[in-house]
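Remember, it's a predicted structure, so these values are computed and weren't measured experimentally.
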Number of protein chains: 2
Amino acid sequence: MNTDHRSGCPINLSLEVFGDRWSLIILRDMIFGGRRHFRELLNGSIEGIASNILADRLKRLMELGMLTKADDPSHKQKAIYSLTEMAISLVPILAHLGAWGRVWLPVSEELSIRAELLEKGGPPMWEQFMVDLRHEHLGAPARASGPTVRAILQAGYEAVVARKALAAVRDPA
Amino acid sequence: MNTDHRSGCPINLSLEVFGDRWSLIILRDMIFGGRRHFRELLNGSIEGIASNILADRLKRLMELGMLTKADDPSHKQKAIYSLTEMAISLVPILAHLGAWGRVWLPVSEELSIRAELLEKGGPPMWEQFMVDLRHEHLGAPARASGPTVRAILQAGYEAVVARKALAAVRDPA
DNA sequence: AAATCCGATTGCATTTTGCAATCAGTTGCA
DNA sequence: TGCAACTGATTGCAAAATGCAATCGGATTT
């Protein structure tokens, strides 16, 4: 059980889990981007993770109980990574982190619209999102009605992108 | 403005601020431990930070706008580090992080009692705590009445330590 | 006058990271 | 059938970060 921790402080132990530059990025892409495969995570993240780091972090997150891995039945070579409840319960923290970053850091509009929507939706929206994720990743029952939270966030993102593209056409720099 | 960031994503930018093993530990010790001096931070943290890392992180956090440094008037050699609003507004995130760690990680009872109290106090208690911190670090007005939140957390900690010591006396292993 | 405390700094070995190339097996398509 | 593209990784290597111990010059305490 006690495998070499610096201290039993909750904040310290949390840092030992994702106190690095990539683990939370991977979880972000799985949670908000819906990515489930190695290549999706490798090519999909804007930040450009290296494949050896990705492999290492996926392994680590699995050992920590944040992810599981299964064979993709439709594709003998593909592996599907799933979030565990431990990872899904990070949603409120990611929402707070996004809100904090929006206030204090030089975020871009496109990439912070999701954080803004999630902040406005508040804890009820986070809870809906977690239900969606449990459905996707743990096989739990889906919500009865309405679009998924990820679809809502994605729609907001696309609206911003479209609006900026339109503005660029109208007013070429 | 744009000084070499991996992306404008709020979560990524947040990770660039404290996505390492020490920055949040230092902020934790300042926020919850009330430490203001280099030596207090050096000797006070259970995890045992090295002096060169501490010096580097203090400098970094100052450059990022999370801390300020001032001369201690009572001691020509001492420097006092203060939290900025940017750092104080991390309190809700630290509270969530502590709550998450308490559920999913092998925390020790002594070191997680603060997180437990903060969780039970909820957002109203966090807000009180932030008012206290603004008073301590920014010279803002103090709350009119009642003990500081840190004093409450500290009392809880000491109660646990005392209870465990008593149990050890009564039942020597 | 001596010892201790102050916020660091230095040197050095170890570990982690970043990057590019590569791997063997699987799949899709001509 | 042949072959290119794609699958989840692995390897080698240079650069950066970390951990650790010793040390610094000045200030304060005893």
Checklist entry - Within the side chain of A/Arg60, is there an N or O that forms a donor-acceptor pair under 3.5 Å with the backbone of A/Val17? => result yes
Item to check | Rounded distance (Å) that lies between atom P of C/dC6 and atom CG of B/Asp72 | outcome: 11 Å
Checklist entry - Considering only heavy atoms from C-beta outward, does the side chain of A/Thr148 approach that of A/His135 to under 4.5 Å? => result no
Checklist entry - Quick one: does A/Leu83's side chain get under 4.5 Å of A/Leu67's, heavy atoms only? => result yes
Next on the checklist: With a 3.5 Å distance limit and no angle check, can you tell me whether B/Arg143 reaches the backbone of B/Pro147 through a side-chain donor-acceptor pair?
Outcome noted: yes
Checklist entry - Tell me: NZ of A/Lys78 to C1' of D/dA9, nearest whole Å? => result 15 Å
Item to check | Spacing of A/Arg36 atom CZ relative to D/dT7 atom C1', expressed in whole Å | outcome: 17 Å
Checklist entry - A/Asn43 CG to D/dG8 P: how many Å, rounded? => result 10 Å
Checklist entry - Distance only, no hydrogens: is a donor on one side chain within 3.5 Å (strictly under) of an acceptor on the other, for A/Ser14 and B/Trp100? => result no
Next on the checklist: Within the 4.0 Å heavy-atom criterion, would you say B/Arg6 contacts the bases, only the backbone, or no part of the nucleic acid?
Outcome noted: nothing
Checklist entry - Looking across every strand, which nucleic acid part, if any, lies under 4.0 Å from B/Lys69 by heavy atom: base, sugar-phosphate, or nothing? => result sugar-phosphate
Checklist entry - What's the CD1-C1' distance between B/Ile26 and C/dG7, to the nearest Å? => result 14 Å
Next on the checklist: Closer than 3.5 angstrom, by distance alone: can the side chain of B/Arg36 be matched with the main-chain N or O of B/Tyr81 as a donor-acceptor pair?
Outcome noted: yes
Checklist entry - Roughly, in whole Å, what's the span from CZ in B/Arg21 to C1' in C/dT15? => result 12 Å
Checklist entry - Within the side chain of A/His37, is there an N or O that forms a donor-acceptor pair under 3.5 Å with the backbone of A/Ala79? => result yes
Next on the checklist: With nearest nucleotide decided by heavy atoms, which residue, B/Ser51 or B/Trp22, maps closer to the 5′ end of DNA chain D?
Outcome noted: B/Trp22
Item to check | Parallel, tilted or perpendicular: rings of A/Trp126 and B/His96 (30°, 60°) | outcome: perpendicular
Next on the checklist: Below the 4.0 Å mark, does D/dT18 have OP1 or OP2 next to a side-chain nitrogen or oxygen of B/Arg57?
Outcome noted: yes
Item to check | Working for side-chain contact (heavy atoms from CB on, under 4.5 Å), residues B/Leu111 and A/Asn12 | outcome: CA-CA 10 Å; B/Leu111 295 177; A/Asn12 172 61; over 6 Å; no
Item to check | Donor-acceptor under 3.5 Å (B/Ser112 side chain, B/Ala115 main chain) | outcome: no
Next on the checklist: If only side-chain N and O atoms count, and only distance matters, is there a donor-acceptor pair under 3.5 Å linking A/Gln128 with A/Asp132?
Outcome noted: no
Checklist entry - Do B/Ile53 and B/Arg21 have side chains that get closer than 4.5 Å, going by heavy atoms? => result no
Item to check | Euclidean distance, atom CD1 of residue B/Ile49 to atom C1' of D/dA21 [Å, nearest integer] | outcome: 16 Å
Enumerate the protein-to-nucleotides 26-30 of chain C contacts in which both atoms are nitrogen or oxygen and the separation is below 3.5 Å.
| unit_1 | atom_1 | unit_2 | atom_2 | d |
| --- | --- | --- | --- | --- |
| C/dT26 | O4' | A/Gln77 | OE1 | 2.8 |
| C/dT27 | OP1 | A/Lys76 | N | 2.9 |

Interface polar pairs with nucleotides 11-13 of chain C, N/O, under 3.5 angstrom:
none

Checklist outcome for this item: In whole angstroms, the gap separating P of D/dG19 from CG of B/Asp20 amounts to 9 Å
If you restrict it to nitrogen or oxygen atoms, what contacts under 3.5 Å exist between nucleotides 1-4 of chain C and the protein, and what is each distance?
none

